[in-house]
Amino acid sequence: MSDSAPAADYQPNGLAEWAKYLATHGSNMPKPQRRKVYLVTLVAALLLIWAPVVLFLKFSPITYTSKWSLIMPVTGAGQTVNLESVGQATSSVTSPFSQASVDPKVNYKAIVTTKPVLQRAADKLDMSEGEFGKPKIKLVDLTALMKFENTGSSAQEAQDKAYALYESLQERLDELRQDEFLRREVYTNASLSSYSEKLTEAQTRIVQFQLQAKIISLEQFKDITLATESSRRVVAELRSRLSGLDARIEALQQALGVNAEQTNGLLALQRDSAFQELLRKKAEAVGTLAEYASRYGPRHHKVLDANEVLSALSTRLFTRAQAVGFDLARHPTLIEALSRDESTGGNIETLASFTAEAEGMRAELAAMNRKIVADLTRLEEGILD
C-alpha cells in the first residue's frame, strides 16, 4: 500500500501494526472513524490506569492509625533544703540529654519494642502479641520528641492500642526505676554499714585512750559541767522550736486534708512531672468544657466530647497518683484544689520545707541528748587528779 492510499482501504494485521499505522497515517482516517479510534484508545488507557486502583481500594482492608507523641524530660531535677543550725542539703539529677554522644530516646524505643511491654499492652486489650502488632516509632532529631503510630481495624481499636502501649511503657519504666532504686539502696546500706563500723571502732579507741590516760582533770570537770548545762538549754530551745514547727506542719496537713503518713506521698505527687502534665491538661479540658457549655446545649456533641475527655483525664490522674503512692480517691477535693488554686501547690512546698526542717531539728535534738548522756557518763566514771 502506498502512503497516499485511503486509510479505510487498509486493514492492519495485529495490535503493533495497528498502533504503527495510527501513528503514521492516523490523520488520513475519516473523521468519524478517527474520533472512534481516539475514544477507544482513551477509554482503554483510563481502564489500564484506574482498574488496579479501584480493585485495590475495593478489596484492600481498611485500617485506622492513631498517632501520638512523647516528650522526654530535657532538664535535670534539683532540690536544695536549708536547715537552720544544721546546714544545707542539695540533691540534683543530671539530664540524660546533656551528653551529645548519648540519646536516651534510643533506649526508650528499645524498651517499647520489647516483648514484655508489647505482651502487657496486648493483654490489656485481650489480644495476642501478633494481633497487637509493633508500633511505628520515629525519633525526631535534635529534639526530645518520640512519635508513635498504632494501627487498628477501627478508630477505637487504634486509640485503645495507643493508650495500652503508653500505660504498659509507664509500668515497665516504673519497674526499671524501682529495680535501680533497690540496687542503689543495697549498695548505700552496705557502704553506710561499713562506715558505721569504722566510726564505732574509732570512737571506742578514743574512749579507751581517754580512760587509760586519765585525761579528765578538775578543769575538764568544770568544762564538762558547763557544756552539759549549755546543752540542756539548747535542748530546751530546740524542743520549743520543734513544738511550734510541728503545730505549723499539722495546720498545713489539715488544710490539705492529709495526715502525717500521707504527707510523703503528697510531696512525691507534687514533684511527679507526669502527674503535673495531666493536671495541666485537665485544667485546659475544664476551660474547653466551660467554653462549649456557654455556647451549646448540654447534649451538643462538643459538650459531650469535652466531658468524655475530662472524665478520661480524671481517671488517668487517679491512676498516676496511685502509681506514685498517693490515693486521690480518699481526697476527692484535693485534685480540684491542685487544678484551680495556686496556693495549694505553695502549701505543699511549704509543708515539704517544714517537714525537712523538723527532721533536721529532731536529728539535732537526738545528737544533743546523746552528748548530754555522754558528758554525764564521763563525770560519773571519770577519775579526778
Side-chain angles (χ1 to χ4, degrees), residues 77-92 188-189 192-193 195-196 199-200 202-204 206-207 210 215-271 324-327 330-331 333-334 337-338 341-382 384:
Q79 300 172 2
T80 301
V81 179
N82 292 315
L83 305 177
E84 185 177 353
S85 303
V86 175
Q88 183 179 18
T90 303
S91 174
S92 62
T188 302
N189 289 337
L192 290 176
S193 177
Y195 297 151
S196 178
L199 178 60
T200 302
Q203 290 175 338
T204 302
I206 292 174
V207 171
Q210 290 175 339
I215 64 173
I216 298 180
S217 63
L218 182 59
E219 292 297 324
Q220 289 176 327
F221 178 86
K222 293 179 181 179
D223 292 340
I224 293 173
T225 303
L226 293 176
T228 302
E229 292 302 319
S230 176
S231 297
R232 285 173 174 168
R233 287 194 297 270
V234 173
V235 167
E237 180 182 357
L238 282 174
R239 286 176 176 170
S240 176
R241 290 166 52 196
L242 184 59
S243 177
L245 191 59
D246 285 339
R248 298 171 72 180
I249 291 175
E250 183 179 359
L252 283 173
Q253 290 174 344
Q254 291 178 354
L256 294 170
V258 297
N259 55 33
E261 295 179 355
Q262 297 164 338
T263 299
N264 291 334
L266 181 60
L267 298 179
L269 202 64
Q270 179 72 5
R271 298 186 180 98
V324 173
F326 188 84
D327 189 4
R330 299 174 60 183
H331 308 277
T333 60
L334 182 59
L338 286 170
D341 190 1
E342 295 181 357
S343 64
T344 302
N347 287 341
I348 295 175
E349 293 297 329
T350 303
L351 178 60
S353 177
F354 285 172
T355 302
E357 185 176 357
E359 291 299 324
M361 292 177 64
R362 288 188 178 90
E364 185 179 2
L365 186 60
M368 293 301 299
N369 284 327
R370 289 195 297 269
K371 183 177 182 302
I372 292 174
V373 173
D375 289 342
L376 292 176
T377 300
R378 290 182 62 190
L379 288 175
E380 292 176 358
E381 297 179 354
L384 301 178

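Along the sequence shown, the residues carry numbers beginning at 1.
- Annotation: the span from Arg241 atom CZ to Glu364 atom CD amounts to 7.0 Å, rounded to 0.5 Å.
- Leu242 and Met361 make their closest contact through N-CE, 3.3 Å (heavy atoms, listed as atom of the first residue, atom of the second, distance).
- Here the shortest heavy-atom pairing between Arg362 and Asp246 reads NH2-OD1, 2.8 Å.
- Taking both residues in full, the closest heavy atoms of Ile249 and Ala358 are given as CD1-CB, 3.8 Å, listed atom of the first, atom of the second, then distance.
- In this structure, the side chains of Thr200 and Ser196 come closer than 4.5 Å at one or more pairs of heavy atoms.
- The line from CD1 of Ile372 to CD of Glu229 is 8.5 Å long, rounded to the nearest 0.5 Å.
- To the nearest 0.5 Å, atom CE of residue Met368 and atom CG of residue Leu365 are 8.5 Å apart.
- With Ser231 contributing its side chain and Ala227 its backbone, the two residues share a donor-acceptor pair below 3.5 Å.
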